[in-house]
Amino acid sequence: QVQLVESGGGLVQAGGSLRLSCAASGRTFSGYAMGWFRQAPGKEREFVAAISWNAAWPRYADSVKGRFTISRDNAKNTVYLQMNSLKPEDAAVYYCAASTKSGPTSTPADFGSWGQGTQVTVSS
């Protein structure tokens with residue numbers, strides 16, 4: 001399994017920005033589609049964004065379109081989530097995930113490897 005480690009979470013004021021990073025190791029990274037999910041207390045884990053192996057097909061949840069950007073650097077084995085105009089409802093633990101599919105997918109079952117998560121807190 002590919003190993004994933006998230007970083008970049010923290011406390012931010014509403015309207016502010018954060019950039020999350022996910023470093024991958026253990027398997028060939030370039031052939032994997034990558035995704036970001038989040039889970040708030042008392043809520044189910046939800047899809048945020050996904051990107052194909054060649055970064056040509058990014059996909060986003062409706063709730064974050066226009067505010068979040070997913071990107072990847074295969075040479076660095078890293079995927080990013082740039083989060084702008086953060087809202088209190090964005091507060092959650094954010095998880096990075098990897099899929100053997102080459103194209104983006106929003107289905108959690110398609111992602112076989114998951115990171116431990118990084119906490120994002122947004123103050124109102």
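This one's a predicted model, so the numbers in the text were calculated from it and none came from an experiment. Atom set for the values below is all heavy atoms of this structure, side chains included, hydrogens, waters and symmetry mates excluded.
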Give a yes or no on whether Val79 and Phe111 share a hydrophobic cluster (residues Ile, Leu, Val, Met, Phe, Trp, Tyr; joining criterion: side-chain heavy atoms under 4.5 Å apart). no

Answer yes or no: is there a side-chain heavy-atom contact under 4.5 Å between Leu81 and Thr69? no

Could you list the residues that satisfy side-chain contact (heavy atoms from CB on, under 4.5 Å) with Ser63, not counting sequence neighbours? Arg38, Ala61

Residue set satisfying ring-ring contact (aromatic ring centres under 6.0 Å, His included) with Phe47, at least two apart, ordered chain then number -> Phe37

Criterion side chain to side chain contact (heavy atoms under 4.5 Å, CB included) on Ser113 and Tyr32, from CA distance to verdict: CA-CA 10 Å; Ser113 299; Tyr32 287 78; 5.5 Å; no

With sequence neighbours excluded, tell me which residues meet salt bridge (Lys or Arg N to Asp or Glu O under 4.0 Å) with Lys65. Asp62

Name all pairs fulfilling the ring-ring contact (aromatic ring centres under 6.0 Å, His included) condition that reach into residues 83-103, sequence neighbours left out, sorted by first residue then second. none

Taking the side chain as everything from C-beta on, heavy atoms only, tell me whether Val120 gets closer than 4.5 Å to Leu20. yes

Who pairs with Ser17 by side-chain hydrogen bond (donor to acceptor under 3.5 Å, both in side chains), at least two apart in sequence or on another chain? Asn84

When you look at Gln82 and Ser71, which way does the side chain to side chain contact (heavy atoms under 4.5 Å, CB included) test go after all the steps? CA-CA 8 Å; Gln82 178 67 48; Ser71 61; over 6 Å; no

Do Glu6 and Ser21 make a side-chain contact, defined as non-hydrogen atoms from C-beta onward lying under 4.5 Å apart? no

Does Arg45 have any salt bridge (Lys or Arg N to Asp or Glu O under 4.0 Å) partners at least two apart in sequence or in another chain, and if so, which? none

Of all heavy-atom pairs linking Ala91 and Ala40, the shortest is O-CB, 3.7 Å

Listed partners of Gln119 passing side-chain hydrogen bond (donor to acceptor under 3.5 Å, both in side chains), at least two apart: none

For the student: nearest non-hydrogen atoms of Lys43 and Gln39, plus distance: O-NE2, 3.1 Å

Residue list, side-chain hydrogen bond (donor to acceptor under 3.5 Å, both in side chains) with Thr118, at least two apart or on another chain: none

Please answer: with hydrophobic residues joined when any side-chain heavy atoms are less than 4.5 Å apart, are Trp114 and Val93 in the same cluster? yes

Look only at the side chain of Arg72 and the backbone of Ser52, and say whether a donor-acceptor pair between them is shorter than 3.5 Å. yes

Apply side chain to side chain contact (heavy atoms under 4.5 Å, CB included) to the pair Arg59 and Ile70, showing each step before the final yes or no. CA-CA 8 Å; Arg59 296 289 182 268; Ile70 187 171; over 6 Å; no

Spacing of CE belonging to Met83 relative to CH2 belonging to Trp36, to within rounding of 0.5 Å: 8.0 Å

Residues two or more places apart in sequence or in another chain: which of them pass salt bridge (Lys or Arg N to Asp or Glu O under 4.0 Å) with Glu89? none

Once you round to the nearest 0.5 Å, how far does OG1 of Thr121 lie from CG of Asp90? 11.5 Å

Indicate the atoms forming the closest heavy-atom contact of Ser124 with Gln13, along with that distance. O-NE2, 4.3 Å

Nearest heavy-atom approach of Ala98 to Val2 is CB-CG1, 3.5 Å

Across all chains, not counting sequence neighbours, the side-chain hydrogen bond (donor to acceptor under 3.5 Å, both in side chains) partners of Arg19 are none

Applying ring-ring contact (aromatic ring centres under 6.0 Å, His included), which residue pairs with at least one partner in residues 55-86 are found, sequence neighbours left out? none

Spacing of CD belonging to Gln3 relative to CG belonging to Asn77, to within rounding of 0.5 Å: 12.0 Å

Would Gln116 and Val5 count as a side chain to side chain contact (heavy atoms under 4.5 Å, CB included) here? Give the steps. CA-CA 7 Å; Gln116 294 299 305; Val5 179; over 6 Å; no

Listed partners of Thr107 passing side-chain contact (heavy atoms from CB on, under 4.5 Å), at least two apart: Thr105, Ala109, Asp110

